[in-house]
Amino acid sequence: MKRNYTIKDIARMAGVSAGTVDRVLHNRGDVSKASKEKVQKVLEEIDYHPNMFAIGLAAKRRYTIICLIPYYIEQDYWHSIALGIERAAEEYQPLNVNIQYIHYKHGDETSYQEACNKLHDMHMDAVLIAPIYKETTLSLLNTLDEHQIPYAFIDHNIKDTNALIYIGQDSYESGYIAAKLLMNDYADKKEVVLFLNSSRNDQAELQMQRRLDGFMNHIAMECDKVIIHDVILNKEDPQGNKEILDSFFQSHPNVTLGAIFNSRVYQVGEYFQQSGRRLKSLVGYDLLNRNIELLKTGEVKYLIGQRPGLQGYYGIKTLSEYIMLKKSVRPVKYMPIDILMKENIDYYFEFQ
(Lines give C-alpha, C1' and ligand atoms only; values in the text may rest on other atoms or scores of the structure.)
Protein backbone atom coordinates (compact mmCIF):
# COMPACT_ATOMS: atom_id res chain seq x y z
CA MET A 1 0.00 0.00 0.00
CA LYS A 2 1.34 3.41 -0.98
CA ARG A 3 2.30 5.60 1.98
CA ASN A 4 0.92 9.12 2.35
CA TYR A 5 3.81 11.50 2.98
CA THR A 6 3.38 14.76 4.86
CA ILE A 7 5.30 17.97 4.23
CA LYS A 8 7.25 17.27 7.43
CA ASP A 9 8.19 13.81 6.14
CA ILE A 10 9.45 15.27 2.87
CA ALA A 11 11.36 18.03 4.69
CA ARG A 12 13.09 15.47 6.93
CA MET A 13 14.04 13.27 3.98
CA ALA A 14 15.38 16.26 2.01
CA GLY A 15 17.16 17.85 4.93
CA VAL A 16 15.34 21.18 4.57
CA SER A 17 12.62 23.03 6.47
CA ALA A 18 8.91 22.34 6.06
CA GLY A 19 8.53 25.92 4.83
CA THR A 20 10.99 25.25 2.03
CA VAL A 21 9.03 22.16 0.95
CA ASP A 22 5.80 24.17 0.98
CA ARG A 23 7.35 26.87 -1.23
CA VAL A 24 8.64 24.29 -3.72
CA LEU A 25 5.30 22.47 -3.88
CA HIS A 26 3.35 25.67 -4.51
CA ASN A 27 6.02 27.46 -6.52
CA ARG A 28 6.03 30.55 -4.34
CA GLY A 29 8.70 32.50 -2.52
CA ASP A 30 12.47 32.25 -2.96
CA VAL A 31 14.13 28.86 -2.71
CA SER A 32 17.80 28.25 -3.42
CA LYS A 33 18.64 26.02 -6.36
CA ALA A 34 20.32 23.47 -4.08
CA SER A 35 17.32 23.22 -1.74
CA LYS A 36 14.89 22.97 -4.64
CA GLU A 37 16.88 20.13 -6.17
CA LYS A 38 16.92 18.26 -2.84
CA VAL A 39 13.14 18.53 -2.50
CA GLN A 40 12.47 17.56 -6.11
CA LYS A 41 14.74 14.52 -5.78
CA VAL A 42 12.72 13.29 -2.80
CA LEU A 43 9.42 13.99 -4.61
CA GLU A 44 10.58 11.86 -7.53
CA GLU A 45 11.76 9.04 -5.26
CA ILE A 46 8.43 8.79 -3.44
CA ASP A 47 6.39 9.43 -6.61
CA TYR A 48 4.66 12.34 -4.89
CA HIS A 49 1.35 13.60 -6.27
CA PRO A 50 -0.47 16.49 -4.57
CA ASN A 51 -4.00 15.97 -3.33
CA MET A 52 -5.75 18.07 -5.92
CA PHE A 53 -9.16 17.95 -4.29
CA ALA A 54 -7.81 19.01 -0.91
CA ILE A 55 -6.17 21.97 -2.62
CA GLY A 56 -9.40 22.81 -4.39
CA LEU A 57 -11.44 22.72 -1.21
CA ALA A 58 -8.94 24.93 0.59
CA ALA A 59 -8.64 27.45 -2.21
CA LYS A 60 -10.92 30.47 -2.45
CA ARG A 61 -9.84 31.51 -5.92
CA ARG A 62 -11.76 30.51 -9.04
CA TYR A 63 -9.96 29.75 -12.30
CA THR A 64 -11.27 30.34 -15.82
CA ILE A 65 -10.05 28.47 -18.91
CA ILE A 66 -11.27 29.69 -22.30
CA CYS A 67 -11.54 27.12 -25.10
CA LEU A 68 -11.16 28.54 -28.62
CA ILE A 69 -12.47 25.82 -30.94
CA PRO A 70 -14.67 25.56 -34.06
CA TYR A 71 -18.45 25.29 -34.00
CA TYR A 72 -19.50 21.66 -34.22
CA ILE A 73 -22.46 19.40 -34.78
CA GLU A 74 -23.19 16.20 -32.91
CA GLN A 75 -20.90 13.26 -33.73
CA ASP A 76 -18.38 15.27 -35.75
CA TYR A 77 -14.64 15.58 -34.98
CA TRP A 78 -14.92 18.79 -32.95
CA HIS A 79 -17.85 17.39 -30.99
CA SER A 80 -15.50 14.61 -29.83
CA ILE A 81 -12.98 17.21 -28.67
CA ALA A 82 -15.72 19.10 -26.82
CA LEU A 83 -16.80 15.89 -25.06
CA GLY A 84 -13.23 15.41 -23.85
CA ILE A 85 -13.15 19.00 -22.61
CA GLU A 86 -16.42 18.47 -20.73
CA ARG A 87 -15.13 15.27 -19.17
CA ALA A 88 -12.14 17.15 -17.75
CA ALA A 89 -14.37 20.08 -16.77
CA GLU A 90 -16.48 17.77 -14.59
CA GLU A 91 -13.37 16.42 -12.87
CA TYR A 92 -11.90 19.86 -12.14
CA GLN A 93 -15.11 21.72 -11.32
CA PRO A 94 -14.75 20.84 -7.60
CA LEU A 95 -11.35 22.54 -7.76
CA ASN A 96 -12.97 25.82 -8.81
CA VAL A 97 -12.05 25.49 -12.48
CA ASN A 98 -14.60 27.03 -14.83
CA ILE A 99 -14.62 26.30 -18.58
CA GLN A 100 -15.94 28.78 -21.14
CA TYR A 101 -16.07 28.56 -24.94
CA ILE A 102 -15.49 30.87 -27.85
CA HIS A 103 -16.43 29.25 -31.16
CA TYR A 104 -15.49 30.11 -34.72
CA LYS A 105 -16.47 28.78 -38.13
CA HIS A 106 -13.72 26.51 -39.39
CA GLY A 107 -12.20 27.77 -42.63
CA ASP A 108 -13.64 31.28 -42.18
CA GLU A 109 -10.83 33.77 -41.50
CA THR A 110 -13.18 36.56 -40.46
CA SER A 111 -14.95 34.30 -37.97
CA TYR A 112 -11.60 33.19 -36.52
CA GLN A 113 -10.40 36.80 -36.25
CA GLU A 114 -13.59 37.84 -34.45
CA ALA A 115 -13.29 34.92 -32.05
CA CYS A 116 -9.68 35.84 -31.26
CA ASN A 117 -10.68 39.48 -30.71
CA LYS A 118 -13.26 38.47 -28.11
CA LEU A 119 -10.48 37.14 -25.91
CA HIS A 120 -9.03 40.62 -25.47
CA ASP A 121 -12.00 41.68 -23.31
CA MET A 122 -12.35 38.53 -21.21
CA HIS A 123 -10.90 37.53 -17.87
CA MET A 124 -9.06 34.23 -18.11
CA ASP A 125 -6.33 32.25 -16.41
CA ALA A 126 -5.47 30.06 -19.40
CA VAL A 127 -6.56 29.39 -23.00
CA LEU A 128 -6.95 26.15 -24.94
CA ILE A 129 -6.56 26.95 -28.64
CA ALA A 130 -7.33 24.98 -31.80
CA PRO A 131 -5.37 27.26 -34.15
CA ILE A 132 -5.86 27.73 -37.88
CA TYR A 133 -4.73 31.00 -39.49
CA LYS A 134 -1.14 31.45 -38.37
CA GLU A 135 -0.77 35.24 -38.52
CA THR A 136 -4.04 35.84 -36.69
CA THR A 137 -3.04 33.28 -34.08
CA LEU A 138 0.38 34.90 -33.58
CA SER A 139 -1.30 38.25 -32.96
CA LEU A 140 -3.45 36.66 -30.26
CA LEU A 141 -0.43 34.96 -28.72
CA ASN A 142 1.39 38.29 -28.45
CA THR A 143 -1.43 39.56 -26.25
CA LEU A 144 -1.49 36.42 -24.13
CA ASP A 145 2.29 36.52 -23.70
CA GLU A 146 2.15 40.18 -22.72
CA HIS A 147 -0.33 39.38 -19.94
CA GLN A 148 1.50 36.16 -18.98
CA ILE A 149 -1.54 34.00 -19.70
CA PRO A 150 -0.58 30.37 -20.40
CA TYR A 151 -2.04 28.65 -23.46
CA ALA A 152 -2.02 25.22 -25.05
CA PHE A 153 -2.59 24.01 -28.60
CA ILE A 154 -4.72 21.06 -29.65
CA ASP A 155 -5.23 19.50 -33.10
CA HIS A 156 -2.48 21.55 -34.76
CA ASN A 157 0.84 22.86 -33.48
CA ILE A 158 2.36 26.23 -34.30
CA LYS A 159 6.05 25.96 -33.53
CA ASP A 160 8.37 28.64 -32.14
CA THR A 161 5.75 30.09 -29.81
CA ASN A 162 5.47 30.12 -26.02
CA ALA A 163 2.70 27.52 -25.93
CA LEU A 164 2.80 25.51 -22.73
CA ILE A 165 2.12 22.31 -24.66
CA TYR A 166 0.87 20.91 -27.95
CA ILE A 167 -1.52 17.97 -27.63
CA GLY A 168 -2.32 16.14 -30.83
CA GLN A 169 -1.00 13.93 -33.55
CA ASP A 170 2.28 14.32 -35.40
CA SER A 171 0.54 15.35 -38.61
CA TYR A 172 3.57 14.82 -40.83
CA GLU A 173 4.18 11.28 -39.59
CA SER A 174 0.52 10.38 -39.88
CA GLY A 175 0.57 11.50 -43.52
CA TYR A 176 3.67 9.42 -44.15
CA ILE A 177 1.95 6.39 -42.62
CA ALA A 178 -1.19 7.02 -44.69
CA ALA A 179 0.91 6.84 -47.86
CA LYS A 180 2.69 3.71 -46.66
CA LEU A 181 -0.63 1.98 -46.00
CA LEU A 182 -2.12 3.04 -49.30
CA MET A 183 0.84 2.13 -51.48
CA ASN A 184 0.85 -1.43 -50.16
CA ASP A 185 -2.02 -1.89 -52.63
CA TYR A 186 -0.33 -0.14 -55.54
CA ALA A 187 -0.11 -1.95 -58.88
CA ASP A 188 2.06 -0.92 -61.81
CA LYS A 189 0.59 1.78 -64.10
CA LYS A 190 -2.30 2.49 -61.72
CA GLU A 191 -2.97 5.99 -60.37
CA VAL A 192 -3.77 7.73 -57.08
CA VAL A 193 -6.31 10.42 -56.26
CA LEU A 194 -6.14 12.83 -53.31
CA PHE A 195 -9.52 14.17 -52.22
CA LEU A 196 -9.01 17.66 -50.80
CA ASN A 197 -11.43 20.24 -49.45
CA SER A 198 -9.30 23.17 -50.61
CA SER A 199 -6.13 23.95 -52.51
CA ARG A 200 -2.88 22.58 -51.12
CA ASN A 201 -1.71 26.00 -49.88
CA ASP A 202 -4.93 27.03 -48.07
CA GLN A 203 -3.87 28.75 -44.82
CA ALA A 204 -7.02 27.44 -43.09
CA GLU A 205 -5.80 23.88 -43.56
CA LEU A 206 -2.45 23.87 -41.78
CA GLN A 207 -2.89 20.33 -40.48
CA MET A 208 -3.91 19.02 -43.91
CA GLN A 209 -0.76 20.57 -45.37
CA ARG A 210 1.46 18.78 -42.84
CA ARG A 211 -0.26 15.46 -43.54
CA LEU A 212 0.09 16.04 -47.24
CA ASP A 213 3.79 16.84 -46.80
CA GLY A 214 4.34 13.53 -45.03
CA PHE A 215 2.28 11.67 -47.61
CA MET A 216 4.18 13.14 -50.56
CA ASN A 217 7.54 12.52 -48.90
CA HIS A 218 6.81 8.80 -48.75
CA ILE A 219 5.69 8.86 -52.39
CA ALA A 220 8.88 10.68 -53.43
CA MET A 221 11.05 8.17 -51.59
CA GLU A 222 9.29 4.95 -52.55
CA CYS A 223 6.96 5.49 -55.53
CA ASP A 224 8.16 8.61 -57.30
CA LYS A 225 6.76 7.64 -60.74
CA VAL A 226 3.16 7.17 -59.66
CA ILE A 227 0.61 9.58 -61.19
CA ILE A 228 -1.31 11.55 -58.56
CA HIS A 229 -4.47 13.61 -59.13
CA ASP A 230 -6.06 16.24 -56.86
CA VAL A 231 -9.84 16.47 -56.61
CA ILE A 232 -11.23 19.38 -54.58
CA LEU A 233 -14.61 18.81 -52.93
CA ASN A 234 -17.00 21.23 -51.23
CA LYS A 235 -18.29 20.09 -47.84
CA GLU A 236 -21.51 22.07 -48.35
CA ASP A 237 -22.37 20.98 -51.92
CA PRO A 238 -23.03 17.22 -52.15
CA GLN A 239 -24.68 17.46 -55.57
CA GLY A 240 -21.77 19.43 -56.93
CA ASN A 241 -19.39 16.86 -55.46
CA LYS A 242 -21.29 14.05 -57.18
CA GLU A 243 -20.90 15.74 -60.54
CA ILE A 244 -17.18 16.33 -59.91
CA LEU A 245 -16.60 12.71 -58.91
CA ASP A 246 -18.67 11.29 -61.80
CA SER A 247 -16.64 13.32 -64.28
CA PHE A 248 -13.33 12.47 -62.65
CA PHE A 249 -13.80 8.71 -62.55
CA GLN A 250 -15.16 8.58 -66.08
CA SER A 251 -12.01 10.37 -67.26
CA HIS A 252 -9.51 8.44 -65.10
CA PRO A 253 -10.19 4.70 -65.26
CA ASN A 254 -6.69 3.83 -63.98
CA VAL A 255 -7.25 5.41 -60.55
CA THR A 256 -7.45 2.62 -57.98
CA LEU A 257 -6.17 4.25 -54.76
CA GLY A 258 -7.34 7.31 -52.83
CA ALA A 259 -6.61 9.35 -49.72
CA ILE A 260 -8.51 11.96 -47.74
CA PHE A 261 -6.68 14.11 -45.18
CA ASN A 262 -9.55 15.12 -42.91
CA SER A 263 -12.60 13.62 -41.23
CA ARG A 264 -14.93 13.98 -44.24
CA VAL A 265 -14.15 10.51 -45.56
CA TYR A 266 -17.90 9.94 -45.73
CA GLN A 267 -18.19 12.41 -48.63
CA VAL A 268 -16.36 9.98 -50.89
CA GLY A 269 -17.37 6.71 -49.23
CA GLU A 270 -21.09 7.47 -49.46
CA TYR A 271 -20.64 8.49 -53.09
CA PHE A 272 -19.14 5.04 -53.72
CA GLN A 273 -22.12 3.39 -52.02
CA GLN A 274 -24.61 5.31 -54.15
CA SER A 275 -22.74 5.05 -57.45
CA GLY A 276 -21.55 1.45 -57.17
CA ARG A 277 -17.95 2.53 -57.67
CA ARG A 278 -15.14 1.44 -55.37
CA LEU A 279 -11.40 1.95 -55.11
CA LYS A 280 -9.01 -0.87 -54.30
CA SER A 281 -7.95 1.11 -51.24
CA LEU A 282 -9.17 4.35 -49.65
CA VAL A 283 -7.53 5.79 -46.52
CA GLY A 284 -8.86 8.67 -44.44
CA TYR A 285 -9.01 10.18 -40.96
CA ASP A 286 -11.13 10.12 -37.84
CA LEU A 287 -13.61 7.74 -36.29
CA LEU A 288 -16.89 9.48 -36.99
CA ASN A 289 -19.83 7.10 -36.98
CA ARG A 290 -20.41 7.62 -40.72
CA ASN A 291 -16.76 6.82 -41.43
CA ILE A 292 -16.83 3.70 -39.28
CA GLU A 293 -19.86 2.36 -41.12
CA LEU A 294 -18.03 2.83 -44.43
CA LEU A 295 -15.01 1.03 -42.96
CA LYS A 296 -17.20 -1.92 -42.02
CA THR A 297 -18.88 -2.12 -45.43
CA GLY A 298 -15.59 -1.88 -47.32
CA GLU A 299 -15.79 1.49 -49.08
CA VAL A 300 -12.95 2.66 -46.79
CA LYS A 301 -10.00 0.35 -46.10
CA TYR A 302 -8.15 2.33 -43.40
CA LEU A 303 -9.06 5.05 -40.93
CA ILE A 304 -6.37 6.88 -38.98
CA GLY A 305 -7.58 7.94 -35.54
CA GLN A 306 -6.10 10.79 -33.49
CA ARG A 307 -8.10 10.54 -30.24
CA PRO A 308 -9.82 13.94 -30.28
CA GLY A 309 -11.55 13.30 -26.96
CA LEU A 310 -8.21 12.78 -25.24
CA GLN A 311 -6.84 15.93 -26.84
CA GLY A 312 -9.61 17.98 -25.26
CA TYR A 313 -9.34 16.14 -21.96
CA TYR A 314 -5.57 16.49 -21.61
CA GLY A 315 -5.72 20.12 -22.71
CA ILE A 316 -7.94 21.05 -19.76
CA LYS A 317 -6.13 18.73 -17.35
CA THR A 318 -2.72 20.17 -18.22
CA LEU A 319 -3.81 23.79 -18.03
CA SER A 320 -5.74 23.24 -14.77
CA GLU A 321 -2.83 21.64 -12.98
CA TYR A 322 -0.42 24.24 -14.30
CA ILE A 323 -2.40 27.29 -13.20
CA MET A 324 -3.20 25.79 -9.79
CA LEU A 325 0.10 24.07 -8.98
CA LYS A 326 2.59 25.33 -11.56
CA LYS A 327 3.10 21.68 -12.39
CA SER A 328 5.91 21.18 -14.88
CA VAL A 329 4.77 20.35 -18.42
CA ARG A 330 6.47 18.62 -21.32
CA PRO A 331 6.09 20.81 -24.43
CA VAL A 332 4.57 18.08 -26.61
CA LYS A 333 2.12 15.28 -25.90
CA TYR A 334 1.64 13.32 -29.10
CA MET A 335 -1.49 11.27 -29.55
CA PRO A 336 -1.07 7.75 -30.94
CA ILE A 337 -1.44 7.27 -34.69
CA ASP A 338 -4.20 4.66 -34.54
CA ILE A 339 -4.70 2.53 -37.66
CA LEU A 340 -8.19 1.04 -37.86
CA MET A 341 -9.55 -1.57 -40.26
CA LYS A 342 -12.86 -3.42 -40.34
CA GLU A 343 -11.12 -6.33 -38.61
CA ASN A 344 -10.17 -4.36 -35.48
CA ILE A 345 -12.57 -1.41 -35.29
CA ASP A 346 -14.96 -3.16 -32.88
CA TYR A 347 -12.17 -3.48 -30.31
CA TYR A 348 -11.20 0.18 -30.29
CA PHE A 349 -11.91 2.57 -27.43
CA GLU A 350 -10.57 6.01 -26.56
CA PHE A 351 -11.32 6.28 -22.85
CA GLN A 352 -11.15 3.35 -20.44
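The figures here come from the full heavy-atom set of this structure, side chains too, leaving out hydrogens, waters and symmetry mates.
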With a 3.5 Å cut-off and no angle check, do the side chains of [X] and [Y] form a donor-acceptor pair?
{"X": "Asn262", "Y": "Asn197", "value": "yes"}
{"X": "Thr256", "Y": "Tyr186", "value": "no"}
{"X": "Glu299", "Y": "Thr297", "value": "yes"}
{"X": "Ser17", "Y": "Thr20", "value": "yes"}
{"X": "Tyr151", "Y": "Asn162", "value": "no"}
{"X": "Asp155", "Y": "Gln311", "value": "no"}
{"X": "Glu91", "Y": "Tyr313", "value": "yes"}

Residue list, salt bridge (charged side-chain N to carboxylate O under 4.0 Å, His left out) with Asp213, at least two apart or on another chain: none
field: Contacts of type salt bridge (charged side-chain N to carboxylate O under 4.0 Å, His left out), residue Glu45, not counting sequence neighbours
entry: Lys41
Tyr166-Phe153 aromatic ring centre distance below 6.0 Å: no
message: Measuring centre to centre across the rings, with the benzene-like ring taken for any Trp, is Phe215 within less than 6.0 Å of Phe261?
response: yes
- prompt: Which word best sums up how the rings of His106 and Trp78 line up, parallel for under 30°, tilted for 30 to 60°, or perpendicular for over 60°?
  reply: tilted
message: Over 60° means perpendicular and under 30° means parallel, so tell me whether Phe248 and His229 are parallel, tilted or perpendicular.
response: perpendicular
field: Residues forming a side-chain hydrogen bond (donor to acceptor under 3.5 Å, both in side chains) with Thr136, sequence neighbours excluded
entry: none
field: Tyr271: side-chain hydrogen bond (donor to acceptor under 3.5 Å, both in side chains) partners, not counting sequence neighbours
entry: Asp246, Arg277
To the nearest 0.5 angstrom, please state how far the [atom1] atom of [X] sits from the [atom2] atom of [Y].
{"X": "Gln113", "Y": "Leu140", "atom1": "CD", "atom2": "CG", "result": "9.0 Å"}
{"X": "Ile69", "Y": "Tyr77", "atom1": "CD1", "atom2": "OH", "result": "10.5 Å"}
{"X": "Asp286", "Y": "Leu303", "atom1": "CG", "atom2": "CG", "result": "8.0 Å"}
{"X": "Met324", "Y": "Asp125", "atom1": "CE", "atom2": "CG", "result": "10.5 Å"}
{"X": "Met183", "Y": "Ser281", "atom1": "CE", "atom2": "OG", "result": "10.0 Å"}
{"X": "Ser174", "Y": "Tyr285", "atom1": "OG", "atom2": "OH", "result": "3.0 Å"}

field: pair Asp230-Phe195: side-chain heavy atoms closer than 4.5 Å
entry: no
- prompt: So, do Val268 and Leu282 sit near enough that their side-chain heavy atoms are less than 4.5 Å apart?
  reply: yes
query: Any cation-pi pair here, Lys333 with Tyr314, using under 6.0 Å and within 45°?
result: yes
query: Does Asp338 have any side-chain contact (heavy atoms from CB on, under 4.5 Å) partners at least two apart in sequence or in another chain, and if so, which?
result: Arg307, Pro336, Leu340, Tyr348
query: Which pairs, with at least one residue in residues 251-271 and sequence neighbours excluded, count as a salt bridge (Lys or Arg N to Asp or Glu O under 4.0 Å)?
result: Glu270-Arg290
message: Less than 4.0 angstrom from a charged side-chain N to a carboxylate O is my criterion; do Lys190 and Asp185 meet it?
response: no
- prompt: Is there a ring-ring contact (aromatic ring centres under 6.0 Å, His included) between Phe272 and Phe249 once you walk through the steps?
  reply: CA-CA 11 Å; Phe272 287 156; Phe249 284 112; 5.8 Å; yes
- prompt: Hey, mind stepping through Glu321 and Lys317 against salt bridge (Lys or Arg N to Asp or Glu O under 4.0 Å) and telling me if it holds?
  reply: CA-CA 6 Å; Glu321 295 183 2; Lys317 174 181 170 65; 3.0 Å; yes
query: Are more than 12 heavy atoms from other residues, nucleotides or ligands located less than 6.0 Å from atom NZ of Lys118?
result: no
message: Surrounding CD of Gln148 (heavy atoms of other residues, nucleotides or ligands, distance under 6.0 Å), is the total greater than 12?
response: no
